[in-house]
Amino acid sequence: YKELWRHVLKSAFYFKQILKLEQGSRVLLSADKNIEFIYSYLGAHLAGMVCVPVDPEINDLRLERILSSALPDYCFGNLRNFKETLPFPNLEVIEAHDPIEFPFPSLEAIADLLYTTGTTGMPKGVALSFRNLSAAANNINSFIKNTSEDIELLALPISHSFGLGRLRCVLSVGGTLVLLGSFASMKKFYGEMERCKVTGFGMVPASWAYLKKMSGRKIADFAKQLQYVEIGSAFMSVEEKKCLMDLLPATRICMHYGLTEASRSTFIEFHKDRAYLESVGRPSPGVEIKVFSDQGKEVPEGEEGELCVKGDHVCHSYWNTTEAIFRNDFNGIYFKTGDWGYIRNGYVYLKSRKKEIARKNQERALRLNLTYTLFLIFSVVLTVAACVFYLSLQNEVLRTSQQVSDLKSELSTITNENVAMEERINSAVDLSEVYQRAVGEFGMTAITEGQIHYYSNENQDYVKQYRQIPADD
């Protein structure tokens, strides 16, 4: 640690006196798993700089967005496809000619600028103060019970909150840190475990799945040696938790829940909390968690809502964002995690991301809308068909009515013509003149009673003439 402190002082001298960086200047550090990164990271903090750790394999688009947001004065380390970086300073050739006192930075000063993944848009710059880093380390060490006797194997990426947090936790209690590139090589992993007598390490559930797949039950060979394992915030089935518990029956297996803005907000210890393995544990030491509704009202225990966190570990601010916008992510003094869940018997249960809930609700609404839309379409089609049928019948009725009207008009015309014709006929024949001429000119006489012969026929309405009618004598 004496050597570490000497190199940290040199690194701080380099940033402050050689590069002439002012307090609050940003330096982007490629988070390589090497001791030079640690010197530069701690030295930049001591000099009052803001560190922006990034993955050495960061893609071009993400790097471009981070550079345009953070506007670092210098970039150090090796970055893929980005040549405008400086190597980490060679501290062996740096000599501080004059002893320089570096006062520790204010607790409220910004220490780190970590960027979220930005899966739904631009990555968000989370500004973490020295108070945030200190509170998180104290909370973690209080739960995991790290001491100066610990020897931790660090195979996690140190460009993210989890890996950086493990680095600070071990160094803050005077423990020993063993740097390993990754979990990729089982030979190196177990080799370092044995060579350095490792007592603890951190991993994420995906790392455990890889270890189990590549080495089976070999981790059990170190069951008596391992004092603790910290597992990161990601889903891990109860079956996998119990499997690890069986392999490490005496090890404190601790799993946390948190996010970049509020690191390690809850903890669960698998063996001690066996009955609550479906939960993400209880609030970490120094942390309060409440559940709020969408309307910002605190809900009773057992009811679901958004998990909201309070504690000195909650981030200081968002970079390049107004205080008003930052405070929109709070319910009063409780930070909105964006996660949906509930609290029961003091244990926190996580359901899903709030955005995921909203997305599922939208999908459900879309499914309901689809059914309703199909129903509406069917109803509209049926209504239109009924209307067309009705209009067709109405048109037929109107057409028939018009035909009847036309026939009535034609009948009236014919009737009137017949009446007129009858009147013309009647007016054209003078019956008295006919009678006079018949009697006077033709000698016709009127019929007498004796000249009329009557016949009866009950079966027919006419009479057939079979012989000559007898003439009058």
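Just so you know, these numbers come straight off a predicted model, no measurement behind them. Residues: numbered from 1 along the sequence shown.
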Any side-chain heavy-atom pair of P72 and Y74 under 4.5 Å: no
Mind checking side-chain contact (heavy atoms from CB on, under 4.5 Å) for E57 and listing every partner two or more places apart, or none if nothing turns up? D55, R80
Determine the interplanar angle of the F37 and Y41 rings, folded into 0 to 90°, and report it as parallel if under 30°, tilted if 30 to 60°, perpendicular if over 60°. parallel
Worked check of side-chain contact (heavy atoms from CB on, under 4.5 Å) between L154 and F201: CA-CA 6 Å; L154 182 57; F201 67 95; over 6 Å; no
Any pair with a residue in residues 235-259 that passes salt bridge (charged side-chain N to carboxylate O under 4.0 Å, His left out), sequence neighbours left out, goes on the list, sorted by first then second residue, please. K212-E240
Donor-acceptor contact below 3.5 Å, side chain S293 vs main chain K297: yes
Would you call R168-D112 a salt bridge at under 4.0 Å N-O? yes
Answer yes or no: is there a donor N or O on one side and an acceptor on the other, between the side chain of Q225 and the main chain of M193, under 3.5 Å? yes
Can you name the closest pair of heavy atoms from C254 and F267 and give their distance? CB-CD2, 4.1 Å
Holding to side-chain contact (heavy atoms from CB on, under 4.5 Å), I want the full list of residues that pass it with S40, two or more places apart in sequence or in another chain. S11, F15, L29, F88, P89
Any sub-3.5 Å donor-acceptor pair from K33's side-chain atoms to L156's backbone N or O? yes
N320 atom CG, neighbour heavy-atom count above 12 within 6.0 Å: yes
Looking at P53 and C51, what are the two nearest heavy atoms and their distance? CD-O, 3.4 Å
What is the distance from atom CG of L67 to atom CD of E64, rounded to the nearest 0.5 Å? 8.0 Å
Just by distance, no angles: are the side chains of E230 and H256 close enough, under 3.5 Å, to form a donor-acceptor pair? yes
Which value, rounded to the nearest 0.5 Å, describes the distance between L71 atom CG and I66 atom CD1? 12.5 Å
Kindly indicate whether a cation-pi arrangement holds for K124 with Y318, taking the cut-offs as under 6.0 Å to the six-membered ring centre and within 45° of the axis. yes
Mind jotting down which residue pairs meet the side chain to side chain donor-acceptor pair (under 3.5 Å) criterion with at least one end in residues 151-160? Sequence neighbours excluded, please. E152-R166, E152-Y228
Nearest-0.5 Å distance that lies between atom CE in M49 and atom CD in Q23: 7.0 Å
Assess the residue pair F330 and K336 against the criterion (side-chain contact (heavy atoms from CB on, under 4.5 Å)); give the C-alpha distance rounded to whole Å, side-chain angles, the decisive distance to 0.1 Å, and a yes or no. CA-CA 5 Å; F330 284 79; K336 300 176 183 177; 5.6 Å; no
Quick note, side chain to side chain donor-acceptor pair (under 3.5 Å) partners involving residues 268-287, not counting sequence neighbours, are D273-Y347
Please lay out, stage by stage, how H7 and E92 fare under the test side-chain hydrogen bond (donor to acceptor under 3.5 Å, both in side chains). CA-CA 8 Å; H7 283 86; E92 296 299 330; 3.0 Å; yes
Give a yes or no on whether E84 atom CD has more than 12 heavy-atom contacts from other residues, nucleotides or ligands under 6.0 Å away. no
Reported CG-to-CG distance for the pair L19 and D73, which is rounded to 0.5 angstrom: 9.0 Å
Residue list, side-chain contact (heavy atoms from CB on, under 4.5 Å) with E22, at least two apart or on another chain: S25
Report yes or no: do S142 and N139 form a side-chain donor-acceptor pair below 3.5 Å? no
Could you check whether any side-chain N or O of T251 sits under 3.5 Å from a backbone N or O of L226, counting only pairs where one atom can act as donor and the other as acceptor? yes
Backbone N or O of S69 within a donor-acceptor pair of the W319 side chain at under 3.5 Å? yes
Given 3.5 Å as the limit, does a donor-acceptor pair link the side chain of T85 with the main chain of C75, or not? no
Polar side-chain atom of S68 near backbone of R65 as donor-acceptor pair, under 3.5 Å: yes
What one should report as the nearest heavy-atom pair of G24 and V50 is O-CG2, 3.7 Å
Set of residues satisfying side-chain contact (heavy atoms from CB on, under 4.5 Å) with respect to V280, sequence neighbours excluded: Y257, T266, V348, L350
How long is the span from the CG atom in L211 to the CG atom in L244, to the nearest 0.5 Å? 9.5 Å
Tell me if a side-chain donor or acceptor on N59 pairs with a main-chain N or O of L61 at a distance below 3.5 Å. yes
Ring centroids only, cut at 6.0 angstrom: are H45 and F130 within range, meaning strictly under it? yes
For K290, salt bridge (charged side-chain N to carboxylate O under 4.0 Å, His left out) partners two or more places apart: E298
With distance as the sole test, does R264 use its side chain to make a donor-acceptor pair with the main-chain N or O of F162 at under 3.5 Å? yes
Distance check, rounded to the nearest 0.5 Å: I268 atom CD1 versus M255 atom CE? 9.0 Å
Taking it one step at a time, do S172 and N141 satisfy side-chain hydrogen bond (donor to acceptor under 3.5 Å, both in side chains)? CA-CA 9 Å; S172 66; N141 287 339; 3.2 Å; yes
Using atom types as modelled and distance alone, determine if a side-chain donor or acceptor of S106 lies under 3.5 Å from a backbone N or O of E108. yes
Can you list the steps and then say if E288 with Y334 is a side-chain hydrogen bond (donor to acceptor under 3.5 Å, both in side chains)? CA-CA 8 Å; E288 293 182 36; Y334 289 84; 2.9 Å; yes
Test side-chain contact (heavy atoms from CB on, under 4.5 Å) on V291 and L307 and set out the steps. CA-CA 5 Å; V291 181; L307 301 177; 3.8 Å; yes
Heavy-atom closest contact (I158 atom, D32 atom, distance): CD1-O, 3.4 Å
Between F183 and Y210, is the ring centroid distance below 6.0 Å? no
Can you pull out every side chain to side chain donor-acceptor pair (under 3.5 Å) where at least one residue sits in residues 182-199? Sequence neighbours excluded, please. Y190-S215, E192-R195
Show me the pairs that pass salt bridge (charged side-chain N to carboxylate O under 4.0 Å, His left out) and involve residues 153-163, at least two apart or across chains. none
Check this for me: Y1, atom OH, are more than 12 non-hydrogen atoms of other residues, nucleotides or ligands nearer than 6.0 Å? yes
Looking at residues at least two apart in the chain, or sitting in another chain, which of them share a salt bridge (charged side-chain N to carboxylate O under 4.0 Å, His left out) with K224? none
Closest non-hydrogen atom pair, L46 against L9: CD2-CD2, 3.7 Å
By side chain to side chain donor-acceptor pair (under 3.5 Å) - contacts of N331 (at least two apart): none
Please report the shortest heavy-atom distance between G232 and P205, naming the atom on each side. O-CD, 3.8 Å
I253 and L248: CA distance, side-chain angles, deciding distance, side-chain contact (heavy atoms from CB on, under 4.5 Å) verdict: CA-CA 8 Å; I253 306 174; L248 302 174; 4.2 Å; yes
